[in-house]
Amino acid sequence: MGMGDVKAETPLDAEADRIRDELAYHEHRAKVLESPLISRGRFRSLFEDLLRLEAAGAHQNPDALTRRSPAPPRLAFYRRPLPGVWPTVLGIATERALRGHYNALVAKDSRLGILVGSAWLLGVEVVLSYRDGLLEQALIPNPSGDADGLDVTDNARTLGSIPLRLRLAGTTTESRITRLTKQALGPSTLTPVPPAPEQLFVRGVVTMRITDLLALDRRRVDAGLPPYLDPAAAISASFTTLDPALTASREMSFFADDASWSMEEVETHWQLLGALKSWGFRVGALHFRAASMNEVLDFVRVLKEERSSFDYPVEGGVLTVNRRAEGQESGPPRRALLEFQTRGHEARLRHVYFAVGRSGVVFPVAQLERSGGGSETVPVPARVEPEPRSLAEDQSVRVVAGAIAPRILLSGDARRAPYPETCPACAQPLQHTNEPYFGSCPDRACPGRRRARLLHLVGPRGLGLSCFDVNLVDRLLQAGGPDDLAGLLALDPARVEALAAGRGARFAEQIASVRSLALWRVIYLSALDEVGERFARLAASMAGAPNGLVALSQLPFRPEALEPVPWEALCHWMRIHGPKTLDTLASAGISIEGEDTTFAAPFASRRILILGRARSFEPGLLVDAIERRGGTVDARPSRRTDFFVRGEGASEELATMALHYGSPEVEESTLRAIIEAS
């Protein structure tokens with residue numbers, strides 16, 4: 001019998017229950033223990049088998065993994081009363097304040113001197129409600145402290161690290177020891193699994209790996225969008241989207257850190273974390289039990305040391321009194337956040353201008369003057385509070401390193417200027433975007449969008465026409481020149497020569513070398529909204545040829561490997577502009593090569609582990625090259641890793657682990673040859 005409530009009555013139901021149990025086990029291994037036993041392809045095959053059985057009449061249990069399929073997009077989020085009783089939180093930024101807090105706890109009750117320390121992960125705080133072991137709802141607490149929360153249940157269901165049903169009492173559990181827990185053994189799972197309360201509220205954080213955040217930012221920039229800069233903005237936009245399919249398409253994890261119910265069953269926070277792990281939740285790897293002030297300081301030191309190499313973005317630390325108490329009590333707060341100071345340099349904000357991307361997104365860019373001399377240009381991370389705001393000019397700011405570009409930090413009294421309501425290039429009213437941190441110009445003929453498209457076309461990631469510079473691009477557009485791929489390839493070199501003497505012959509020579517284009521380059525250079533090179537390569541590899549692209553766009557479903565927003569853009573383009581563009585290119589003598597000849601996405605659905613430093617690639621370029629060709633770079637070895645590359649300074653321990661998991665080693669020269677051939 002499966003994990004559901006409905007007893008199998010037919011051979012069809014029995015087979016469905018068997019597959020459900022197998023899927024639930026492997027999902028827990030992959031998403032919670034991070035130690036998968038089967039490949040993603042095998043998991044997907046089992047999932048499709050279950051879908052077929054349910055379509056043929058097998059019952060669908062409330063906890064069936066088929067319920068993780070994304071729900072249709074919604075028009076708005078609803079607000080619900082926030083359940084549970086949660087302790088107040090104290091912010092601590094200095095060692096002196098930390099000592100004062102600890103002394104206040106011990107003075108109230110010596111038993112309060114035992115604390116549980118954990119990493120404070122950057123992300124979205126979520127409260128999950130379970131009734132009779134089944135997930136009932138997921139809410140995001142209001143930062144203002146209101147009693148209502150934002151209902152994101154449909155989004156939460158898509159995350160494999162959020163169990164749809166708690167593990168049944170009396171069953172066995174598995175626990176995996178990671179590198180960090182070898183240094184600080186975290187709470188163990190309880191075997192057999194203890195009974196869960198009838199009503200359980202679990203609080204935790206939804207976050208993303210740093211490697212996935214970096215890849216997301218790279219794909220955004222490549223698709224003509226501004227970088228998130230702030231990891232919190234990337235995580236929030238990925239999880240609090242109105243389209244659950246977008247959340248499902250991104251690698252996100254939920255870490256449970258607290259729960260609320262009658263405290264008779266659990267006496268300590270440490271036991272609570274063990275119970276949460278036993279019920280199927282993921283709990284952060286880095287946990288300490290500190291019984292003195294010196295041990296608390298040891299925890300802070302280790303946390304700071306591990307912060308730079310931790311897989312997830314660490315904002316600071318969390319200290320929780322180990323002895324649990326029901327409800328709120330007087331005295332010092334039982335939960336404290338350790339806020340790590342962020343270093344950076346002082347600068348003076350001299351000017352802010354608004355750039356228009358080729359997809360229409362309008363984002364502010366700051367021109368800064370460093371206090372020690374020199375200048376720099378930094379995209380401004382706009383936020384919704386509740387409307388987008390940018391920075392006011394001529395004020396002091398602090399600049400810190402970011403994932404893609406530097407990030408601006410503001411003081412509490414910083415002045416903000418209103419975000420423009422109209423496009424700075426064409427004066428059209430701006431619209432909200434799918435990821436609501438920037439406004440968007442809807443006019444495809446906007447001069448700013450046309451300029452961005454042409455710069456992309458002639459740039460190094462486009463056709464690589466070195467005869468063009470920014471001034472020539474501006475002059476060509478002012479003269480009514482083309483801004484699309486077909487128009488540029490058909491452009492008369494005499495027009496270029498008339499605008500810039502000596503450039504016409506160079507243009508004719510360079511354009512003659514691109515009379516043959518791969519299908520993925522046609523998609524990528526057509527400047528579709530939010531379509532980057534990775535998506536274009538994956539779509540081309542699935543289509544195989546131009547006529548296959550038409551068939552691909554007419555599928556009644558979205559292929560799992562293709563993200564929802566660019567997929568919609570591709571389908572829209574193929575309905576309206578795509579066939580005409582392909583015909584125009586063919587009429588102009590441009591041959592379009594299919595995937596069978598261009599090897600569009602050689603790493604599609606492949607997970608690759610890079611150990612050490614690549615010898616023949618600049619830092620970061622190898623990861624970028626792999627991701628653009630459809631691959632995913634793993635942060636650590638696992639059974640999902642397809643192969644690994646050993647560079648300079650590679651960890652022998654990690655290499656041995658990868659071989660143990662059955663991942664073959666590939667020479668860097670072989671990897672480079674594949675990249676250059678594609």
Atom [atom1] of [X] and atom [atom2] of [Y]: how far apart are they, to the nearest 0.5 Å?
{"X": "Leu225", "Y": "Phe363", "atom1": "CG", "atom2": "CZ", "result": "9.0 Å"}
{"X": "His456", "Y": "Leu454", "atom1": "NE2", "atom2": "CG", "result": "11.0 Å"}
{"X": "Arg250", "Y": "Leu213", "atom1": "CZ", "atom2": "CG", "result": "10.0 Å"}
{"X": "Leu82", "Y": "Phe201", "atom1": "CG", "atom2": "CZ", "result": "9.5 Å"}
{"X": "Glu533", "Y": "Asp624", "atom1": "CD", "atom2": "CG", "result": "8.0 Å"}
{"X": "Cys446", "Y": "Gln428", "atom1": "SG", "atom2": "CD", "result": "8.0 Å"}

Closest non-hydrogen atom pair between [X] and [Y], with its separation:
{"X": "Leu50", "Y": "Ala16", "value": "CD1-O, 3.8 Å"}
{"X": "Phe77", "Y": "Thr240", "value": "CE1-O, 3.2 Å"}
{"X": "Pro313", "Y": "Ile210", "value": "N-CG1, 3.7 Å"}
{"X": "Pro163", "Y": "Leu135", "value": "O-CB, 4.0 Å"}
{"X": "Thr247", "Y": "Ser238", "value": "OG1-O, 2.7 Å"}
{"X": "Asn155", "Y": "Pro244", "value": "OD1-CG, 4.0 Å"}

(request) Before giving the answer on side chain to side chain contact (heavy atoms under 4.5 Å, CB included), spell out for Thr670 and Phe643 the whole-Å C-alpha distance, their side-chain angles and the decisive distance to 0.1 Å. (result) CA-CA 12 Å; Thr670 303; Phe643 62 87; over 6 Å; no

(message) Under the criterion salt bridge (charged side-chain N to carboxylate O under 4.0 Å, His left out), I'd like the reasoning laid out for Asp222 against Arg218: C-alpha separation, chi angles, the key distance, then a yes or no.
(response) CA-CA 6 Å; Asp222 188 44; Arg218 277 192 289 265; over 6 Å; no

Could you check if a side-chain atom of [X] sits within less than 4.5 angstrom of a side-chain atom of [Y], using non-hydrogen atoms only?
{"X": "Trp279", "Y": "Tyr130", "answer": "no"}
{"X": "Asn61", "Y": "Arg67", "answer": "no"}
{"X": "Phe254", "Y": "Val206", "answer": "yes"}
{"X": "Tyr25", "Y": "Ile38", "answer": "no"}
{"X": "Arg444", "Y": "His577", "answer": "no"}
{"X": "His28", "Y": "Arg167", "answer": "yes"}
{"X": "Asp151", "Y": "Arg79", "answer": "no"}
{"X": "Pro482", "Y": "Leu457", "answer": "no"}

[X] side chain to [Y] main-chain N or O, any donor-acceptor pair under 3.5 Å?
{"X": "Arg558", "Y": "Leu562", "value": "yes"}
{"X": "Ser663", "Y": "Thr641", "value": "yes"}
{"X": "Asp311", "Y": "Arg209", "value": "no"}
{"X": "Arg220", "Y": "Leu216", "value": "no"}
{"X": "Thr153", "Y": "Ala138", "value": "yes"}

(request) Go through the steps to decide whether Asp443 and Arg449 satisfy the test side chain to side chain contact (heavy atoms under 4.5 Å, CB included), and finish with yes or no. (result) CA-CA 8 Å; Asp443 185 6; Arg449 294 186 63 175; 5.8 Å; no

(message) Run the side chain to side chain contact (heavy atoms under 4.5 Å, CB included) test on Arg453 and Arg450 for me, step by step, so that the C-alpha distance in whole Å, both residues' side-chain angles and the decisive distance to 0.1 Å come before the verdict.
(response) CA-CA 5 Å; Arg453 286 199 297 269; Arg450 294 185 66 221; 3.3 Å; yes

(message) How about CD on Glu136, more than 12 heavy atoms from neighbouring residues, nucleotides or ligands closer than 6.0 Å, or not?
(response)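 Check passes, neighbour count above 12.
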
(request) Kindly determine whether Arg68 and Thr158 satisfy side chain to side chain contact (heavy atoms under 4.5 Å, CB included), including the steps that lead there. (result) CA-CA 5 Å; Arg68 293 206 187 277; Thr158 66; 5.5 Å; no

(message) Testing Asp634, Thr632, Asp642 one by one against Arg607 for a side chain to side chain donor-acceptor pair (under 3.5 Å), which residue passes?
(response)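 In the set Asp634, Thr632, Asp642, the residue that makes a side chain to side chain donor-acceptor pair (under 3.5 Å) with Arg607 is Asp634.
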
Are any of the side-chain nitrogens in [X] or [Y] under 4.0 Å away from the carboxylate oxygens of its partner?
{"X": "Glu563", "Y": "Arg534", "value": "no"}
{"X": "Lys580", "Y": "Asp583", "value": "no"}
{"X": "Asp63", "Y": "Arg165", "value": "yes"}

(request) Examine the side chains of Arg282 and Ser161 and answer whether a donor and an acceptor come within less than 3.5 Å of each other. (result)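 Looking only at side-chain atoms, Ser161 and Arg282 do not form any donor-acceptor pair under 3.5 Å.
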
(message) Exactly one of Glu27, Glu15, Glu54 should register a salt bridge (Lys or Arg N to Asp or Glu O under 4.0 Å) with Arg20. Which one does?
(response)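 With Arg20 as partner, salt bridge (Lys or Arg N to Asp or Glu O under 4.0 Å) holds for just one option, Glu54.
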
(message) Does Thr241 form a side chain to side chain donor-acceptor pair (under 3.5 Å) with Asp243? I'd like the steps, not just the answer.
(response) CA-CA 5 Å; Thr241 173; Asp243 186 2; 6.0 Å; no

